[in-house]
*Asks:* 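Handing you a structure now.
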Amino acid sequence: MASVHWFRRDLRLADNPALVAAVDRARADDGLVVPLFVVDPALWRTAGAPRLAYLAASLRALDDELGGRLVVRTGRATDVLPAVAREVEARSVHVTAATEPYGRRRDEAVAHALGDVELVPTGSPYAVAPGRLTTGSGTPFQVFTPFRNAWLDHGWSAPAPLPHTPRWAQVPTDGVPDGPDAEVDLPAAGERAAHDRWHRFLDDALDEYGTERDRPDVEGTSSMSIPLKFGELHPRTLLADLAQRQGASVATFRSELAWREFHADVLWHHPSARTRSLRVVVPEDSWAHGAAADEAFVAWTQGRTGYPLVDAGMRQLLATGWMHNRVRMVVASFLVKDLHQRWQRGADHFMAWLVDGDVPQNQLNWQWVAGTGRDAAPYFRVFNPVLQGEKFDPDGDYVRRWVPELRGIAGKAVHQPWRVGTPEGYPERIVDHKAEREVALEAYGRGR
DNA sequence: TCCCTATTGTG
DNA sequence: ACAATAGGG
């Protein structure tokens with residue numbers, strides 16, 4: 001009897017317990033394993049071009065690792081899975097458990113559609129499965145620090161071994177789809193490339209991670225967000241490698257992984273947080289609306305706000321499908337507190353463009369900045385784009401890289417072009433930060 | 001994972 | 001002037 005491994009957000013062979021389960025089940029039944037990926041038109045429509053282009057590249061890499069045996073089928077999962085299971089006479093379909101609202105609903109529907117064929121979830125995309133940890137009184141965690149302590153105490157299993165001598169089935173395939181023509185510079189995709197990048201980070205940048213991760217002008221981050229989003233690496237693999245390392249930065253990086261797991265846990269318990277604020281912090285009538293608001297939103301998306309750090313970040317997003325985390329916080333604060341727009345609008349734009357666009361991370365980090373999350377930055381914390389630029393892009397290199405109009409201004413003066421005379425072609429500030437900060441604080445005062 | 005203002009101390 | 005600090009949104 002064959003078994004099916006249905007790849008979703010686990011596009012790797014190493015440290016993949018669900019794949020091991022599929023291979024073990026097939027061997028016990030003296031059967032073959034069908035490595036399957038389903039191109040669901042609904043998903044293909046909603047994800048933006050950069051992420052789809054990367055996904056297509058990652059699937060090509062996975063197909064290579066499988067010796068060209070990856071089976072790709074197009075259609076709704078509820079139709080494709082039963083059809084493939086019938087075709088290969090499979091008794092079980094193996095998956096890494098989905099934990100987000102959409103994936104959980106889909107898997108329930110697929111399990112139902114499969115009938116007698118078992119849908120077997122093994123593991124999750126997290127070191128500790130969302131929903132696993134609770135407070136002493138049995139309730140979900142609301143606050144990050146106690147969550148992290150419980151998460152560290154709980155620990156995680158060692159990385160899973162490679163599947164033992166898998167025998168892949170040869171089944172007709174639609175072939176890996178072409179990605180859309182995304183006009184962005186994407187990093188190399190696939191398990192191998194992710195592994196290489198991770199080890200380069202461990203060797204070259206981990207020691208300085210504590211300070212350099214906040215600097216958008218240098219390569220101080222791990223750039224693991226994309227491999228983690230697609231499951232080219234499992235966080236358990238990263239945690240095992242970190243355990244072999246010394247230094248203060250190890251705990252800092254582990255803590256960033258804990259944030260990722262915290263957000264997944266919050267969304268597990270509160271699926272509505274995908275679209276709704278967990279707490280309402282300003283009155284509904286304080287949001288900007290109308291043609292002027294729409295125009296400001298477009299200026300924000302295009303990187304034409306007149307605030308150099310904001311514009312550099314938004315242009316980096318359009319050019320590469322990625323933005324440095326420090327700058328994500330600054331541009332998000334700008335949209336919510338300076339332009340008075342709902343976080344959901346910014347989150348949608350991010351999801352359309354980010355290659356690492358991941359529902360729990362994206363939505364809950366937006367809620368963190370907007371102050372609407374359970375353990376979020378208080379609403380009155382407003383980022384000043386000029387000060388953030390001077391502090392974290394102290395020489396202005398990041399701004400000049402992404403905003404060519406400002407390349408004539410040397411040093412950190414580039415963060416305030418209006419002081420030295422705004423160059424031709426670069427916009428004047430679309431709002432006055434000092435004034436809009438006051439407006440936001442006033443709305444917050446009315447909301448209390 | 002903020003930043004502004006007022007106040008006090010220092011020269 | 002400027003730095004350090006407290007208090008507050």
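A note on names: the letters A, B, ... follow the listed sequences, proteins ahead of strands, and every chain is numbered from 1.
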*Asks:* Please list, for nucleotides 2-6 of chain C, all pairs of protein and nucleotide N/O atoms separated by less than 3.5 Å.
*Replies:*
none

*Asks:* Under the ring pair (Phe, Tyr, Trp, His ring centres under 6.0 Å) definition, can you give me all pairs with a residue in residues 238-258 of chain A, not counting sequence neighbours?
*Replies:*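 As it turns out, the ring pair (Phe, Tyr, Trp, His ring centres under 6.0 Å) pairs with a partner in residues 238-258 of chain A, which skip direct neighbours, are Trp198(A)-Phe253(A), Phe201(A)-Phe253(A), Tyr209(A)-Phe253(A).
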
*Asks:* Quick one: side-chain hydrogen bond (donor to acceptor under 3.5 Å, both in side chains) partners of Asp217(A), sequence neighbours excluded?
*Replies:*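 side-chain hydrogen bond (donor to acceptor under 3.5 Å, both in side chains) check on Asp217(A) returns Arg215(A).
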
*Asks:* Classify every nucleotide of nucleotides 1-7 of chain B by which part a protein heavy atom approaches to under 4.0 Å, writing B for the base, S for the sugar-phosphate alone and - for neither, in 5'-to-3' order.
*Replies:* BBBSS--

*Asks:* In terms of side-chain geometry, is the basic nitrogen of Asp356(A) or Lys229(A) positioned less than 4.0 Å from the acidic oxygen of its partner?
*Replies:*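 Result for this pair is no, no salt bridge flagged.
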
*Asks:* Table please: side-chain donor-acceptor pairs of residues 145-153 of chain A below 3.5 Å, with sequence neighbours left out.
*Replies:*
unit_1    : atom_1 : unit_2    : atom_2 : d
Arg148(A) : NH1    : Ser255(A) : OG     : 2.7
Asn149(A) : ND2    : Thr145(A) : O      : 3.4
Trp151(A) : NE1    : Glu261(A) : OE1    : 3.0

*Asks:* Would you list the atom pairs, donor with acceptor, under 3.5 Å between side chains in residues 286-298 of chain A and any protein atom, with sequence neighbours excluded?
*Replies:*
unit_1    : atom_1 : unit_2    : atom_2 : d
Ser286(A) : OG     : Pro283(A) : O      : 2.6
Asp294(A) : OD1    : Arg345(A) : NH1    : 3.4
Asp294(A) : OD1    : Arg345(A) : NH2    : 3.1

*Asks:* Expressed as a whole number of angstroms, how long is the span from Arg448(A):CZ to dG8(C):P?
*Replies:* 11 Å

*Asks:* With sequence neighbours excluded, give me every salt bridge (Lys or Arg N to Asp or Glu O under 4.0 Å) pair touching residues 371-391 of chain A.
*Replies:* none

*Asks:* Checking Pro271(A) now: which residues fulfil side chain to side chain contact (heavy atoms under 4.5 Å, CB included) with it, not counting sequence neighbours?
*Replies:*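 Result, side chain to side chain contact (heavy atoms under 4.5 Å, CB included) vs Pro271(A): Pro101(A), Arg104(A).
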
*Asks:* side-chain hydrogen bond (donor to acceptor under 3.5 Å, both in side chains): which pairs involve residues 46-57 of chain A, sequence neighbours left out?
*Replies:* Tyr54(A)-Glu232(A)

*Asks:* Can you check the Lys337(A) NZ to dG9(C) P distance for me, whole Å?
*Replies:*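 Going from Lys337(A) (NZ) to dG9(C) (P), I get 15 Å.
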
